[in-house]
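Contents: one structure, followed by commentary.
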Amino acid sequence: MKKLFIYFFTIAITFTAKAQTDFSGYLATAKTSYTSGKLEDAHFALQQAMQEIDMVVGKEVLKILPQKLNALNLNPKEDHVMANTSFIGATISRSYGADTSGAKIEIINNSPMITYLNSILNMPVLGGLMRDENNKTLKVQGYKARLEKQPNANNEKATYILNIPLNTALVTFTVKSSTEPEVMNYINGIPLQQIAKLVN
């Protein structure tokens with residue numbers, strides 16, 4: 001357990017002063033609770049410390065996401081980093097352009113959908129059963145991904161949902177009123193490898 005405390009403390013020194021203060025406080029509470037035999041309190045404090053790390057990492061991810069996707073401008077008021085339920089990871093979101101024709105990226109750490117999506121992407125039989133004119137598997141920046149097309153009534157442009165598992169994190173990229181080439185052009189402007197290093 002002592003090594004675990006040292007590991008958490010080492011991570012903490014790389015974050016901002018506020019995050020260090022919060023993290024150190026949770027860590028001190030965890031250590032005190034553990035020493036006193038209050039294991040439930042120690043466990044809760046460690047969860048809070050991990051949640052603090054997830055929030056800081058989420059803010060770092062927002063910093064490396066592009067400010068603009070081609071002609072789509074960033075909507076800064078819609079940038080969010082939220083702790084996930086049960087203290088597992090965080091959800092990071094950013095949007096670009098108008099609500100009816102824009103794009104949104106959402107990154108969920110420890111997403112429950114990862115196992116299901118990986119099964120589709122890595123099992124040829126299951127992947128083949130799930131493929132049709134509106135769903136396909138492809139590679140994006142070296143990562144396997146699942147692209148879903150939701151046609152519009154006019155059949156001109158559609159809503160596309162691209163799901164990309166990055167180890168334990170799921171990147172969901174949604175683009176409304178678009179075409180597949182536009183979607184692929186946009187996603188190639190997202191630094192997936194840098195995101196993967198931060199969130200995993």
Side-chain angles (χ1 to χ4, degrees), residues 54 57-82 84 89-200:
D54 290 332
V57 167
K59 290 173 184 175
E60 291 300 310
V61 169
L62 285 176
K63 289 179 185 177
I64 64 171
L65 288 176
Q67 296 291 305
K68 193 172 182 180
L69 286 178
N70 294 352
L72 299 179
N73 292 317
L74 168 69
N75 299 316
K77 291 183 179 179
E78 294 184 16
D79 274 3
H80 294 292
V81 179
M82 298 170 288
N84 292 342
T91 297
I92 307 149
S93 61
R94 168 168 283 181
S95 72
Y96 302 87
D99 184 55
T100 56
S101 59
K104 181 176 182 179
I105 185 166
E106 189 172 68
I107 302 158
I108 304 174
N109 204 1
N110 295 313
S111 170
M113 291 295 294
I114 287 288
T115 302
Y116 169 72
L117 186 57
N118 277 328
S119 296
I120 293 173
L121 295 175
N122 297 309
M123 295 175 63
V125 173
L126 183 57
L129 291 173
M130 301 294 290
R131 183 184 172 95
D132 57 34
E133 68 274 8
N134 293 321
N135 291 277
K136 68 179 180 178
T137 300
L138 42 79
K139 274 202 170 183
V140 178
Q141 298 179 37
Y143 297 98
K144 289 182 181 178
R146 184 84 175 160
L147 181 65
E148 177 188 350
K149 177 183 178 183
Q150 297 178 344
N152 292 337
N154 59 18
N155 290 324
E156 291 179 5
K157 291 195 172 184
T159 294
Y160 287 86
I161 302 172
L162 183 64
N163 286 302
I164 311 164
L166 303 178
N167 295 327
T168 61
L170 176 63
V171 175
T172 300
F173 186 61
T174 305
V175 186
K176 294 182 179 178
S177 189
S178 190
T179 63
E180 185 175 333
E182 286 177 335
V183 173
M184 300 313 295
N185 192 19
Y186 291 149
I187 196 64
N188 284 325
I190 305 290
L192 294 178
Q193 290 185 350
Q194 289 178 263
I195 293 170
K197 287 177 183 177
L198 283 170
V199 299
N200 291 304

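Quick note: numbers below take in every heavy atom, side chains included, and nothing from hydrogens, waters or symmetry partners. Everything numeric here is computed off the predicted structure, so don't read it as measured data.
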Item checked: NE2-CD distance between His80 and Glu106, expressed to the nearest 0.5 angstrom -> 10.5 Å

Notebook entry, point to check: For the side chain of Asn200 and the backbone of Thr168, is there at least one donor-acceptor N/O pair under 3.5 Å apart?
Noted result: yes

Check: For the residue pair Gln141 and Asn188, what are the closest heavy atoms and their distance?
Finding: NE2-CA, 3.6 Å

Next item on the list: Of all the heavy-atom pairs spanning Ala103 and Leu72, show the shortest one and how long it is.
Entry: CB-CD1, 4.0 Å

Note to self: Distance check, rounded to the nearest 0.5 Å: Lys68 atom NZ versus Leu74 atom CG?
What the structure shows: 11.0 Å

Check: Which pair of heavy atoms, one from Arg94 and one from Pro66, lies closest together, and at what distance?
Finding: NH1-O, 3.3 Å

Checklist line | Shortest non-hydrogen separation from Ala169 to Val199 and the atoms involved | finding: CB-CG2, 3.6 Å

Check: Side chain of Asp132, backbone of Asn134: donor and acceptor closer than 3.5 Å?
Finding: yes

Item checked: CG-CE distance between Asn118 and Met113, expressed to the nearest 0.5 angstrom -> 10.5 Å

Notebook entry, point to check: Hey, what do you get for OG1 (Thr100) to NZ (Lys176), rounding to the nearest 0.5 Å?
Noted result: 7.5 Å

Notebook entry, point to check: Val171 and Leu166: side chain to side chain contact (heavy atoms under 4.5 Å, CB included), yes or no, with the steps?
Noted result: CA-CA 7 Å; Val171 175; Leu166 303 178; 3.5 Å; yes

Item checked: Side-chain heavy atoms of Leu69 within contact of Ile190, under 4.5 Å -> yes

Next item on the list: Decide yes or no on side chain to side chain contact (heavy atoms under 4.5 Å, CB included) for Ile164 and Phe173, but give the supporting numbers first.
Entry: CA-CA 8 Å; Ile164 311 164; Phe173 186 61; 5.6 Å; no

Note to self: Does Glu78 form a salt bridge (Lys or Arg N to Asp or Glu O under 4.0 Å) with Lys104? I'd like the steps, not just the answer.
What the structure shows: CA-CA 10 Å; Glu78 294 184 16; Lys104 181 176 182 179; over 6 Å; no

Margin query: Rounded to the nearest 0.5 Å, what separates atom CG in Asn152 from atom OG1 in Thr159?
Written below: 5.0 Å

Next item on the list: Might you point out which heavy atoms bring Val140 and Leu138 nearest each other, and give the distance in Å?
Entry: CG2-CD1, 3.4 Å

Check: Does Met184 reach the side chain of Glu180, with side-chain heavy atoms less than 4.5 Å apart?
Finding: yes

Note to self: Taking Pro181's backbone N and O only, do any of them form a donor-acceptor pair with Asn185's side chain (distance below 3.5 Å, no angle check)?
What the structure shows: no

Next item on the list: Looking only at non-hydrogen atoms, find the nearest pair between Ser178 and Val183 and report the distance.
Entry: OG-CG2, 3.8 Å

Check: Less than 4.5 Å apart, any side-chain heavy atom of Leu117 and any of Arg146?
Finding: yes

Check: Got more than 12 heavy atoms from elsewhere within 6.0 Å of CD, Gln193?
Finding: no

Notebook entry, point to check: What's the spacing between Ile107 CD1 and Leu62 CG if we round to 0.5 Å?
Noted result: 7.5 Å

Margin query: I want to check something: taking the side chain as every heavy atom from C-beta on, are Leu65 and Tyr96 in contact at a cut-off of under 4.5 Å?
Written below: yes

